Structures are given as C-alpha cells and as structure tokens.
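Below: the structure, in structure tokens.
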Amino acid sequence: FSCVGLNLIAIPESFVCSITCSPMVDPVMTNDGHVYDREQIQRWINQRPTSPNTGLTLSSRFLMPVILLKELVEAYMNARPEVSGVQDTILTLQAESDSLLDHMHEEEARHREQIAREQSRHMDTWATLGAKINGLEEEKTAFAHILQAEHDSFLAHIDHMHACHRDGLENEKTALAASRAELEARIEGLEEEKTAENARGWSRIMLLEQENASLSQQLQEGVEARAIEVAVAQSRHTATWTTLGAEINGLDEEKAALAASRAELEARIEGLEEEKTAENARGWSRIMLLEQENASLSQQLQ
C-alpha cells in the first residue's frame with residue numbers, strides 16, 4: 001500500500017512515485033530497475049545523479065518508459081474519480097511547490113551573483129588598499145632612510161665639530177701649559193736671581209762687617225783720626241741696604257704678578273672645559289630630539 005491514499009481504499013503502491021508519494025502520470029524506469037514519475041525523476045537527476053531509493057550513483061541517465069504501467073494507472077484513476085480530484089489537488093500543490101522552489105533557486109542564483117559582484121568589488125577594494133598600503137610602506141621606508149641619512153650626517157657633523165673643538169681646546173690647553181711652564185721657569189729664574197742676589201747681599205754684608213771690624217780696630221788705634229771715615233762708611237752701608245730692600249720688594253711684586261697671571265690662566269682653562277662640556281650636552285640633546293622626531297614620524301606612518 002502507498003503512503004498516499006483515501007480513507008476507504010488505498011492506492012496500490014506500484015502506482016505511486018516514491019519521490020512525491022503521489023500516483024504517477026508518466027512512469028519511467030531508471031537503469032537500476034526502479035520506477036518513478038518522469039517529471040520528478042528528471043528533476044532529481046538534474047540536481048543529483050543518484051538513485052532516490054538506494055542513494056547510489058546512476059551509471060546512466062536514460063529513462064525507459066513503462067507503457068503498461070502508465071495504462072494501468074490511467075485506468076485506475078478513471079475508475080476512481082475521487083482520487084483524480086485529490087491527485088489534481090496534489091498536482092496543483094506540487095506545481096506551486098515547484099514554482100516556489102524555482103523562485104527560490106532564482107533568488108538564490110541572484111543572491112549568489114550579487115555576492116560574487118560584492119566579492120569582486122571587495123577584492124578590487126582590497127587590491128587598491130593593498131597597493132596604497134604598499135605605497136605607504138615604501139614611502140615609510142624611503143622616509144626612514146632619509147631620516148637615517150640626516151641623522152648620520154648630523155652625527156658626523158657633531159663628531160666633526162666636537163673633534164675640531166676638542167683639537168682647538170687641546171691646542172689651546174697645550175699653549176697654556178707651555179705658557180704656564182714658561183711662567184714657572186721665569187718664576188724659578190727670578191727665585192734663583194733673588195737667591196743669588198740675597199747671597200751677594202749677605203756676602204757684601206759679611207764684607208761690610210769685616211770692614212767694620214777692621215775700621216773698629218783702626219778706630220781703636222786712632223779714634224779721632226778715623227771717626228770721619230767710619231761715619232762715611234756707615235752712610236754707604238745704609239744706602240746699600242736701602243737699595244737691596246727695594247730690589248727685594250720689586251722681586252716680591254713681580255712674583256705676586258706672576259702668581260695672579262697663573263691663576264687667571266687656570267681659570268681660563270676651567271672655563272674652556274666647562275664650554276666643552278656644555279657643547280657636548282647640547283649636541284646629545286639635539287640627537288635625542290631627532291630620535292624622538294624619528295619615532296613620532298614612524299608612529300604616524302604606521
């Protein structure tokens with residue numbers, strides 16, 4: 001008995017298509033021996049080349065008409081008009097269902113076509129964006145090379161300036177050291193001259209003391225005769241002491257002036273060292289600013 005039937009007498013199962021569970025209009029047989037309605041099995045094979053009953057792939061799409069079964073189905077349907085009415089209703093519903101399926105297939109095809117167009121447009125957009133991104137990456141790389149070249153050039157310039165400034169400071173320091181050595185040598189010469197002058201003064205004092213002793217002896221021998229000579233000798237000794245004192249004071253003043261000049265040279269050397277340190281600090285500050293600008297530009301490019 002079939003899955004579709006009336007309340008009183010069921011339709012023979014051999015008259016019913018297993019796809020729609022409805023009586024067949026044009027029965028045909030596939031190469032695996034099963035019978036279906038031509039319209040239904042044709043639609044089935046167009047969608048999938050398998051057997052509806054076994055699920056196996058059909059080796060051929062040839063459909064052989066079963067004329068005797070068709071005549072029997074027609075005779076049975078003519079003998080049962082109430083089944084024909086039901087069959088017409090089923091066919092109408094089936095036609096509506098097929099129309100709805102066709103419309104759904106058309107909508108699906110249109111939707112797929114729209115999706116394909118959107119995908120194509122998106123692919124074009126992605127390709128354009130990819131080209132722009134590659135261009136930006138190339139610009140970023142070129143800009144990074146330019147920044148690196150400018151950074152290296154600035155560092156080379158700073159190094160050159162630092163080397164020149166260092167060489168200048170070294171030369172000036174060497175000159176100051178030579179001047180300082182010259183001043184120290186001059187001071188030593190003055191000290192030696194002072195020492196020699198003191199030695200000569202003391203030698204002259206000793207000579208004067210010897211002369212004084214001699215004069216004292218002579219005075220003892222003749223007080224009145226030698227009194228005037230002793231007074232003259234004493235006056236000469238006083239003038240000599242005054243002259244020696246003035247020379248010694250002059251040497252002390254020259255020594256003080258040389259010491260002041262030496263202090264001034266040392267202060268100048270310290271000032272040059274401070275300028276060198278400040279110049280190095282400014283150079284490193286400029287390098288750090290350039291590195292920060294490079295990092296900022298790289299971040300903006302990203």
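Any value given below was found using the heavy atoms of this structure, including those in side chains, with hydrogens, waters and symmetry copies removed. Predicted, not measured: the structure shown is a model, and the values here were computed from it.
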remark   = Interatomic distance, CG@Leu147 vs NE2@His145, rounded to 0.5 Å, equals 11.0 Å
query = Considering only heavy atoms from C-beta outward, does the side chain of Asn31 approach that of Phe62 to under 4.5 Å?
reply = no
request  = In plain terms, say whether Glu191 and Lys194 are close enough for a salt bridge, that is, a side-chain N and a carboxylate O under 4.0 Å apart.
outcome  = no
message = Please check this pair: side chain of Ser214 against backbone of Gln210, looking for a donor-acceptor N/O pair closer than 3.5 Å.
response = no
request  = Mind listing the closest non-hydrogen atom pair of Gly283 and Phe154 along with its distance?
outcome  = O-CE2, 4.4 Å
request  = Take Glu184 and Arg180, measure what salt bridge (Lys or Arg N to Asp or Glu O under 4.0 Å) needs, and give me the verdict at the end.
outcome  = CA-CA 6 Å; Glu184 289 178 351; Arg180 180 179 178 179; 3.4 Å; yes
query = With distance as the sole criterion, is a donor-acceptor pair present between the side chains of Gln148 and Asp152 under 3.5 Å?
reply = yes
task = Report whether Met64 and Phe15 are members of the same hydrophobic cluster (ILVMFWY, side-chain heavy atoms less than 4.5 Å apart, transitive linking).
result = yes
ask   = Hey, is CZ on Arg204 packed in by over 12 heavy atoms from elsewhere, all under 6.0 Å?
value = no
Main-chain N/O of Leu290 paired with Asn294 side-chain donor or acceptor, under 3.5 Å = no
message = According to a hydrophobic-cluster definition based on side-chain heavy atoms being under 4.5 Å apart (Ile, Leu, Val, Met, Phe, Trp, Tyr only), do Trp284 and Ile158 belong together?
response = yes
query = Taking the side chain as C-beta and beyond, is there a heavy-atom pair between Gln47 and His105 under 4.5 Å?
reply = yes
request  = Give a yes or no on whether a salt bridge exists between Arg112 and Glu108, defined as a side-chain N under 4.0 angstrom from a carboxylate O.
outcome  = yes
ask   = Is any side-chain N of the basic residue among Arg268 and Glu264 closer than 4.0 Å to the acidic one's carboxylate O?
value = no
task = For Ile67, look at atom CD1 and say whether over 12 heavy atoms of other residues, nucleotides or ligands are found less than 6.0 Å away.
result = no
inquiry  = Quick check for you: to the nearest 0.5 Å, what is the distance between Thr20 atom OG1 and Asp37 atom CG?
reply    = 6.5 Å
task = May I ask you to say whether Arg43 pairs ionically with Glu39, meaning some side-chain N is under 4.0 Å from a carboxylate O?
result = yes
message = Test side chain to side chain donor-acceptor pair (under 3.5 Å) on Asn53 and Ser51; report intermediate values, then the result.
response = CA-CA 6 Å; Asn53 288 337; Ser51 172; 5.4 Å; no
task = Would you indicate whether the side-chain heavy atoms of Leu136 and Leu301 approach each other to under 4.5 Å?
result = no
query = Honestly curious: do Val66 and Ile41 fall in one hydrophobic cluster under the side-chain, below-4.5 Å linking rule?
reply = no
task = Quick one: closest heavy-atom pair of Arg200 and Glu193, and the distance?
result = NH2-O, 4.5 Å
message = If I take atom CE from residue Met24 and atom OG from residue Ser18, how far apart are they, to the nearest 0.5 angstrom?
response = 8.5 Å
request  = Taking all heavy atoms of Pro23 and all of Ile11, pick out the closest pair and write down the distance.
outcome  = CG-CD1, 3.8 Å
query = Can you list every salt bridge (Lys or Arg N to Asp or Glu O under 4.0 Å) pair that touches residues 116-129, not counting sequence neighbours?
reply = Glu113-Arg117, Glu118-Arg121
request  = Considering non-hydrogen atoms only, spot the tightest contact between Pro52 and Ile19 and give its length.
outcome  = CG-CD1, 3.9 Å
query = Are any side-chain N or O atoms of Thr174 and backbone N or O atoms of Glu170, one a donor and one an acceptor, separated by less than 3.5 Å?
reply = yes
inquiry  = So, taking the atom named SG in Cys164 and the one named NE2 in His160, what distance separates them when rounded to the nearest 0.5 Å?
reply    = 3.5 Å
ask   = What distance separates Glu13 CD from Cys21 SG, expressed to the nearest 0.5 Å?
value = 9.0 Å
Common cluster, Leu258/Leu251, ILVMFWY with side-chain heavy-atom separation under 4.5 Å = yes
message = When you group the ILVMFWY residues by side-chain heavy-atom contacts below 4.5 Å and let the links chain together, are Leu155 and Ile146 in the same group?
response = no
Heavy-atom check, side chain of Arg61 versus side chain of Pro49, under 4.5 Å = yes
request  = Would you mind reporting whether Gln42 and Leu63 have side-chain heavy atoms less than 4.5 Å apart?
outcome  = yes
ask   = Looking at CH2 of Trp44 and OG1 of Thr30, how far apart are the two atoms once the value is rounded to the nearest 0.5 Å?
value = 12.0 Å
remark   = Closest non-hydrogen atoms of Pro27 and Val35, given as atom of the first, atom of the second and distance, are CB-CG1, 3.9 Å
message = Please identify which of these residues, Ile45, Thr57, Leu56, meets the side-chain contact (heavy atoms from CB on, under 4.5 Å) condition with Thr50.
response = Thr57
key: Ser120 (side chain) donor-acceptor with Ala116 (main chain) under 3.5 angstrom   = no
